[in-house]
Amino acid sequence: MSPVRVYDTLTRQSHTVSARDGQSVTVYCCGPTVYDVPHAGHARSAVAFDILVRHLRARGHAVKYVRNVTDIDDKILTRARERGEPPLELSRRMTTVYQDQIAAVGCTAPDVEPRVSDHLPEIFALIERLIEQGAAYTVDMPGDTRDVYFSVRKFQGYGKLSRRRIDELIAGARVEKDETKQDPLDFALWKGAPEAEWGWQSPWGHGRPGWHIECSAMSAKYLGHGFDIHAGGMDLIFPHHENEIAQSEAAHPGEGDFARCWMHNGFVNVDKEKMSKSLGNFVTVSDVLERNDPEAFRWFLLTVHYRGPIQFETAQADAGRVTFPGVDEAERRVDYMMQTLLRLDRAAAEGGGGGAPPAEVQRATAAVSASREAALAALDDDLNTPVALAELGEIAKVGNELLDLALRRRKDAAFAAAAAGFAAKTASSLREVAAVLGLLRATTAEYLVRTRERRLRLRGLSADTLDEAIAERFAARQRKDFVRADALRDELSAQGIVLRDGPEGTEWSVEP
RNA sequence: GGCGCGGUAGCCAAGUGGUUAGGCAACGGUUUGCAAAACCGUCAUACGUCGGUUCGAAUCCGAUCCGCGCCUCCA
């Protein structure tokens, strides 16, 4: 087991991850409120903490990973009314879309993915406990319902995560005056609703849970009070996580901190602005997956450290089609890695031989090994994925370099055998590091076929007509009519088709 | 007003006291009929500005300019 250090938002210091119970590291991640399809920000958050879980496991830690789905919320109700769809049907549908798309970008499913609608009893129990502790109070509402609010001022530690003081929050002036609450800062644990409205029967009458209570209830159920890591987007620091701490610690007096470490991922900005509904610049996961390979999207997300902001640039291609140049660039890197893997696999299939490898092969083997170590060490240091990707690239480069050399020395049987052995080891290192990053999951064949098909479709091309042009060019080359052959190649090139003439014939690929 | 993040070569982006980040683009080379791919090299003695600490600062301290986020629903 190797120590993995992460930045803790609460202490603002590096925190060495460990399992409190000495068994498994317990991680709770705030998942989506499922009122719409997931956007790039959801993907970024899911990917960031997927890397955390994968890397902890790669380093020998057992991990219990919980990520919730918030399927009861006013936004869901509003959207469901607009669509004339029952709210839980909408949220179930969106949950499935979320799970499918997040899986598509290479995230392993959490061990537990609890839904709020399945945990009303736990929520009732927690709220009752808070009322008993004097941390929460009920307010009679019209009809036969009551609201329940949390008394922020009764919780001493309020503001410790977001570094805010209660008085400053009020000075912030955007706190609404609300006669039903004892204090404007108090937040709802339970909100009463008319019988006719979407809701559940509770000890306080018909209604729905407040926004924050579900995470306190569900994390306690699956991981217990004081679990190891609580994760989520930076925007959740206040008020969501601050309120979770207040609720959970008020409900468990004398039992220590709610979570031992807090991790938050940065935002996705679209064209320099924060992605938001009001700006109309939302990029959904399916927007990206229509245009780019899921591996490329994931690679792109990993080119920036998870805590920093990531810039999502958009551009207009031909016919007004929106493109994502940054993701296209990432896709070219994935192409490169896949081509390299293909080449290494082919070389490895030649079979290795015995005997001491030549000095060049020994040096290359050592370089691959060093990069493998460096990539994993980078992840140990607060999940430094940009450095890990650089080292992954280094492994590929060293692999290609040695295979180039082997090509020049193809008459040297001993060298070729050593190169084959090297290729097998290098491919395996590449796959090992990539696996921790959740990359290169597709086989090279799958990837090449699906990206080719997608790119042809985006460009409105068909493989049949291309095959004709390529055959015609091949014939021209055979009769040394290079003028004709080059003219055909230029035509194809203008359409984004790249040809590669080799001893085995001509291969072609499509630009991202 | 409060809290916080950032400004690193043409672009993207690591690095938080002393030896190469990396990628993309561009250009030169090896290779190729010419290309492409792959590899090598150049661009790169880059770190917003001004001062300070230090033998030594992109990195620490102070000031300052600029951009951005949160404080209301947000990943």
Side-chain angles (χ1 to χ4, degrees), chain A residues 9 12 29-33 35-36 38-49 70 73-75 78 98 102 159 162-165 167-176 211 231-240 242 264-269 272-278 282 299-300 303-311 313 325-326 328-330 332-333 335-336 339-340 343 374 378 381 384-394 396-405 407-408 477 480-483 485-486 489-490 493 497-503 506-509:
Chain A
T9 309
R12 311 219 173 170
C29 179
C30 280
T33 299
Y35 67 103
D36 206 342
H39 56 246
H42 290 111
R44 188 181 193 203
S45 179
V47 166
F49 302 118
T70 298
D73 182 271
D74 284 0
K75 287 191 294 299
T78 306
Y98 176 83
I102 293 305
S162 54
R163 312 237 160 173
R164 282 155 219 259
R165 283 181 301 160
D167 299 339
E168 285 166 352
L169 282 169
I170 291 170
R174 281 206 266 182
V175 179
E176 278 176 49
W211 173 32
M234 262 175 189
D235 48 347
L236 298 180
I237 294 173
F238 189 89
H240 185 56
E242 198 69 71
H264 293 96
N265 66 277
F267 287 116
V268 174
N269 294 329
K272 312 262 183 215
E273 285 182 304
K274 185 187 165 183
M275 199 165 68
S276 77
K277 299 259 155 155
S278 52
F282 248 65
W299 187 292
F300 170 74
T303 55
V304 182
H305 183 85
Y306 77 94
R307 281 192 285 114
I310 188 166
Q311 305 299 332
E313 305 292 334
D328 285 345
E329 188 180 321
R332 285 188 206 98
R333 290 299 287 167
D335 282 2
Y336 167 75
Q339 290 291 352
T340 302
R343 205 182 163 198
D381 184 14
N384 193 331
T385 54
V387 168
L389 287 180
E391 295 297 341
L392 197 64
E394 207 58 38
K397 186 193 277 191
V398 172
N400 279 312
E401 195 176 10
L402 194 101
L403 292 187
D404 279 0
L405 184 62
L407 205 59
R408 287 198 292 277
R477 282 188 80 220
K480 306 270 186 212
D481 182 357
F482 293 120
V483 174
D486 290 352
R489 186 175 59 199
D490 288 347
S493 168
I497 306 297
V498 184
L499 299 185
R500 229 184 293 184
D501 298 322
T506 297
E507 289 184 11
W508 60 274
S509 57

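Sequence lines set the chain letters: A, B, ... in the order given, protein chains first and strands last, and positions in each chain run from 1.
In the set B:rA14, B:rG23, B:rG33, the nucleotide with an atom closest to the side chain of A:Arg333 is B:rG23. Candidate nucleotides B:rG33, B:rA38, B:rA75 were compared by shortest atom distance to the side chain of A:His42, and B:rA75 ranks first. When distances run from any side-chain atom of A:Val304 to the nucleotides B:rC24, B:rA13, B:rG22, the shortest one goes to B:rA13. Across B:rA75, B:rC39, B:rA14, the shortest atom-to-atom separation from the side chain of A:Glu401 is found for B:rC39. Relative to the side chain of A:Thr33, the nucleotides B:rA75, B:rC73, B:rC24 differ in distance, and B:rA75 lies closest. Residue A:Arg164 places its side chain closer to B:rC70 than to any other of B:rC70, B:rA14, B:rA37. Listed nucleotides B:rC34, B:rC71, B:rC24 differ in distance to A:Phe238; the shortest reach to its side chain belongs to B:rC71.
Ion pairing between a basic and an acidic side chain is recognised when a charged N comes within 4.0 Å of a carboxylate O; A:Asp486 and A:Arg489 show such pairing.
No hydrogens or angles considered: nothing links the side chains of A:Arg44 and A:Asn265 as a donor-acceptor pair under 3.5 Å.
For the pair A:Trp508 CH2 and B:rA35 P, the computed distance is 24 Å after rounding to whole Å. As a whole-Å value, the separation of A:Asn400 CG from B:rU30 P is 20 Å. The CG-P distance, from A:Asp490 to B:rC34, rounds to 16 Å in whole Å. The interatomic distance linking A:Asp501 (CG) with B:rA38 (P) rounds to 16 Å, in whole Å. In this structure, the CD atom of A:Glu507 is 20 Å from the P atom of B:rA35, given to the nearest Å. Between the CD atom of A:Glu394 and the P atom of B:rA13 there is a distance of 21 Å, rounded to whole Å. A straight line from CZ of A:Arg408 to C1' of B:rA38 spans 10 Å, rounded to a whole angstrom. The distance between atom CZ of A:Phe300 and atom C1' of B:rC24, rounded to the nearest whole Å, is 13 Å.
On the C1' atoms, B:rA26 is 41 Å away from B:rG62, given to the nearest whole Å. Taking atom C1' on both B:rC24 and B:rC43, the two are 13 Å apart, rounded to the nearest angstrom. Comparing the C1' positions of B:rG4 and B:rA36 gives a spacing of 49 Å, expressed to the nearest Å. Going from the C1' atom of B:rG7 to that of B:rC50 covers 16 Å, rounded to whole Å. Separating the C1' atom of B:rG28 from that of B:rG69 is a span of 44 Å, rounded to the nearest Å. Comparing B:rC61 with B:rC68, their P atoms sit 25 Å apart, to the nearest whole Å. Comparing the P positions of B:rG48 and B:rC66 gives an interatomic distance of 16 Å, to the nearest angstrom. The separation of B:rU42 from B:rA9, taken at their C1' atoms, amounts to 13 Å, rounded to a whole angstrom.
Residue-level contact check: A:Phe482 touches the bases, meaning some heavy atom is under 4.0 Å from a base atom. Residue contacts shown for A:Gly266 include a base, since a base heavy atom lies under 4.0 Å away. Within the nucleic acid shown, A:Ile237 has no heavy atom closer than 4.0 Å to any nucleic acid atom. Using a 4.0 Å heavy-atom distance criterion, A:Gly232 is classed as a sugar-phosphate-only contact. Using a 4.0 Å heavy-atom criterion, one finds that A:His240 contacts no nucleic acid atom at all. Counting any heavy atom pair closer than 4.0 Å across all strands shown, A:Asp235 reaches a base atom. As judged by a 4.0 angstrom heavy-atom cut-off over every strand, A:Asp73 is placed among residues making no nucleic acid contact. Counting any heavy atom pair closer than 4.0 Å across all strands shown, A:Gly41 reaches a base atom.
Here A:Arg307 contributes atom CZ and A:Phe267 contributes atom CZ; the two are 14.5 Å apart, rounded to the nearest 0.5 Å. One distance of note links CG of A:Leu392 with OH of A:Tyr336; it measures 9.5 Å at 0.5 Å rounding.
Taking the side chain as every heavy atom from C-beta outward, A:Arg12 and A:Arg163 approach each other to under 4.5 Å. Within the 4.5 Å cutoff, no side-chain heavy atoms of A:Glu329 are placed close to those of A:Trp299. A 4.5 Å side-chain heavy-atom check between A:Ile310 and A:Phe300 finds at least one atom pair inside the cut-off.
Nearest-nucleotide positions on RNA chain B place A:Val498 closer to the 5' end than the other of A:Val498 and A:Pro239. Both A:Val483 and A:Ser162 lie near RNA chain B, and the one whose nearest nucleotide falls closer to the 5' end is A:Ser162.
In terms of phosphate contacts, A:Tyr336 brings a side-chain nitrogen or oxygen within less than 4.0 Å of OP1 or OP2 of B:rC39. Taking side-chain N and O atoms only, A:Asn384 has a distance below 4.0 Å to OP1 or OP2 of B:rG15. Proximity of A:Lys397 to the phosphate of B:rG22: no side-chain N or O atom is located under 4.0 Å from OP1 or OP2.
The base of B:rG33 lies close enough to the side chain of A:Asp486 for a donor and an acceptor atom to sit less than 3.5 Å apart. Remark: the A:Arg489 side chain and the B:rA35 base include a donor-acceptor N/O pair separated by less than 3.5 Å. For A:Arg332 against B:rC24, a side-chain-to-base donor-acceptor contact under 3.5 Å is absent. A:Asp74 contributes no side-chain N or O that forms a donor-acceptor pair with the base of B:rC73 under 3.5 Å. Taking 3.5 Å as the limit, the base of B:rG33 and the side chain of A:Arg477 contain a donor-acceptor pair of atoms between them.
Look at B:rG17: it lacks any Watson-Crick or wobble partner with both distances under 3.5 angstrom. Pairing for B:rA63 is with B:rU49, a Watson-Crick or G-U wobble pair whose two hydrogen-bonding atom distances lie under 3.5 Å. Applying the Watson-Crick and G-U wobble criteria (two distances, each under 3.5 Å), B:rA57 pairs with nothing in any strand. Across all strands shown, B:rA9 forms no Watson-Crick or G-U wobble pair with both key distances under 3.5 Å. Base pairing of B:rA26: its partner is B:rU42, meeting the Watson-Crick or G-U wobble criterion (both donor-acceptor distances under 3.5 Å). Pair check for B:rC70 finds B:rG2; Watson-Crick or G-U wobble, both atom distances under 3.5 Å. Across all strands shown, B:rG33 has no partner, as no Watson-Crick or G-U wobble contact with both distances under 3.5 Å is found.
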Carefully, step by step, assess A:Asp404 and A:Lys397 under the rule salt bridge (Lys or Arg N to Asp or Glu O under 4.0 Å). CA-CA 10 Å; A:Asp404 279 0; A:Lys397 186 193 277 191; over 6 Å; no
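Listed for the A:Glu391 side chain is no donor-acceptor partner under 3.5 Å among the backbone atoms of A:Ala374.
For the pair A:His264 and A:Thr9, the tightest heavy-atom approach, listed with the atom from each and the gap, is ND1-OG1, 2.8 Å.
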